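See structure below.
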Amino acid sequence: MFSCLTADTAPGLTFDIVEVEPREAAALLRSGQVDVAITFAYSGQHFDDDVTVEHLGWDALHLVEPSRSVGGTIAEGRASGEREATGLRPEELRRFSDDRWIAGCERCRTGLLDLCASVGIGPDIGFASDDVVAVQALVAAGFGVTLLSALALAGHRNPGVVTPPDVGAGRELHVATYGAPPRPAAVEEVVQTLLGLSWSA
C-alpha cells in the first residue's frame, strides 16, 4: 500500500500499524498516538467535527450463507451461483428471517440491524465475532448467516460458503486525521497516497 512512499517523497516517515475500531481510532488521533486512520462508517454513523474525514471508497456488503444445507438449519436451494454473480436485493434478506445471524463488532452490528430493519426483519443474533475466519467457519458449519464486507472477504473466503453481494448495501471507507488542514507534510503525503489508491475489492 505504501510502497510508493520513499525517503525522497516522505523523508523521515515510518509506519506502525494499530488495529482498532473507528471510535477508538478517533481517540488515538486526538491523543496524538496515531496520525492517520483508515476507518469505515455505515449510513448515519459520523465522527465528531474535530476529526477530518475524506472519502476513500465504498465497501460493498455480501450476504454469507452455506453453500449447501447443513443439518436442516439452512433451507435447501437458497445458495445459488447465479445469485452470487448478480447479487440480491435487500428485501430478499426476508427469506433469512427465521435463521440465526452472526454479528460482528458493535459498529458492524448496527449496520446489520439497520439493514434488516429497513426490510422489516429483526435478526436473531446467536453469535458475535470480529474474526472473519471464525465467522465464515460458523456459517459453513450451518450455525447461521451473516453479512461481511468485500474487503473482509478479499482477505479470506471459506470454500463452504457463498457470498452474493447485497445490492446497494455497504459501508463508506474514510481516511481520517485530527484537526483541520493544513496537515504536516508527511501526514499529507500519506493521505494523498491513500486517496490515490483503488479501494474496490
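Since the model is a prediction, treat every value here as computed from it, not as a measurement.
Around CZ of Arg30, the count of heavy atoms belonging to other residues, nucleotides or ligands within 6.0 Å exceeds 12.
When the side chain to side chain contact (heavy atoms under 4.5 Å, CB included) test is applied to Asp16, no partner is found at least two apart in sequence or on another chain. Partners of Ser129 according to the side chain to side chain contact (heavy atoms under 4.5 Å, CB included) rule, which considers only residues two or more places apart in sequence or in another chain, are Asp131, Ala134, Val135. Considering only residues two or more places apart in sequence or on other chains, Gln45 meets the side chain to side chain donor-acceptor pair (under 3.5 Å) condition with Arg107. When the side chain to side chain donor-acceptor pair (under 3.5 Å) test is applied to Glu21, no partner is found at least two apart in sequence or on another chain. With sequence neighbours excluded, the residues that form a salt bridge (charged side-chain N to carboxylate O under 4.0 Å, His left out) with Glu54 are Arg183. Partners of Asp49 under the side chain to side chain donor-acceptor pair (under 3.5 Å) rule, at least two apart in sequence or in another chain, do not exist in this structure. With sequence neighbours excluded, no residue forms a side chain to side chain donor-acceptor pair (under 3.5 Å) with Thr39. Scored by the side chain to side chain contact (heavy atoms under 4.5 Å, CB included) test, Ala117 finds no partners at all (sequence neighbours excluded).
Both Leu173 and Leu197 are members of a single hydrophobic cluster when ILVMFWY side chains are connected at heavy-atom separations under 4.5 Å. When the side chains of ILVMFWY residues are joined at heavy-atom separations under 4.5 Å, either directly or via intervening members, Val190 and Leu28 end up in two distinct hydrophobic clusters. Taken together through direct or relayed side-chain contacts under 4.5 Å among Ile, Leu, Val, Met, Phe, Trp and Tyr, Leu138 and Val132 form part of one hydrophobic cluster. The same ILVMFWY cluster, assembled from side-chain heavy atoms under 4.5 Å apart, contains both Phe15 and Val175. No single ILVMFWY cluster, assembled from side-chain heavy atoms under 4.5 Å apart, contains both Val187 and Val34.
The shortest heavy-atom contact between Val36 and Thr177 is CG2-CG2, 4.2 Å. Across Ala26 and Val51, no two heavy atoms sit closer than the pair CB-CG2, 4.3 Å. Nearest heavy-atom pair, Phe47 versus Pro22, reported as atom, atom and distance to 0.1 Å: CE2-O, 3.6 Å. Here the shortest heavy-atom pairing between His55 and Glu172 reads ND1-OE2, 2.5 Å. Across all non-hydrogen atoms, the minimal contact from Trp199 to Leu194 is NE1-O, 3.0 Å. Across all their heavy atoms, Val162 and Pro66 have their closest contact at CG2-O, 4.0 Å.
Think of Val133 as one node in a network of Ile, Leu, Val, Met, Phe, Trp and Tyr side chains linked at under 4.5 Å; it has no links at all.
Interatomic distance, Cys105 SG to Asp130 CG, rounded to the nearest 0.5 Å: 5.5 Å. A distance of 6.5 Å separates CZ of Arg157 from NE2 of His62, quoted to the nearest 0.5 Å. With rounding to the nearest 0.5 Å, the separation of SG in Cys108 from CZ in Phe40 is 4.0 Å. Atoms CG and CG, on Asp48 and Leu29 in that order, are 12.0 Å from each other to the nearest 0.5 Å. Expressed to the nearest 0.5 Å, how far CH2 of Trp101 lies from CG of Leu112 amounts to 6.0 Å.
Checked by atom type and distance alone, the side chain of Thr163 never pairs as donor or acceptor with a backbone atom of Val64 at under 3.5 Å. Side chain of Asn158 to main chain of Gly160: a donor-acceptor pair is present (N/O by atom type, distance under 3.5 Å, no hydrogens or angles). Of the possible polar contacts, none joining the Arg94 side chain to the Gly120 backbone as a donor-acceptor pair under 3.5 Å is found.
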Pairs of donor and acceptor atoms involving the side chains of residues 146-153, under 3.5 Å and at least two apart or interchain, shall be tabulated with distances.
from, atom 1, to, atom 2, distance (Å)
Thr146, OG1, Ile102, O, 2.5
Ser149, OG, Asp59, OD2, 2.9
Ser149, OG, Ala152, N, 3.2
Ser149, OG, Arg171, NH2, 3.2

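For the pair Ile125 and Leu113, the minimum side-chain heavy-atom distance is below 4.5 Å. Glu188 has its side chain out of reach of Pro181: every pair of non-hydrogen atoms, C-beta onward, lies at least 4.5 Å apart.
Judged as a ring-ring contact (aromatic ring centres under 6.0 Å, His included), not a single pair has a partner in residues 159-194 (not counting sequence neighbours). Applying the ring-ring contact (aromatic ring centres under 6.0 Å, His included) test to residues at least two apart or on different chains, the pairs with a partner in residues 106-133 are Phe127-Phe143.
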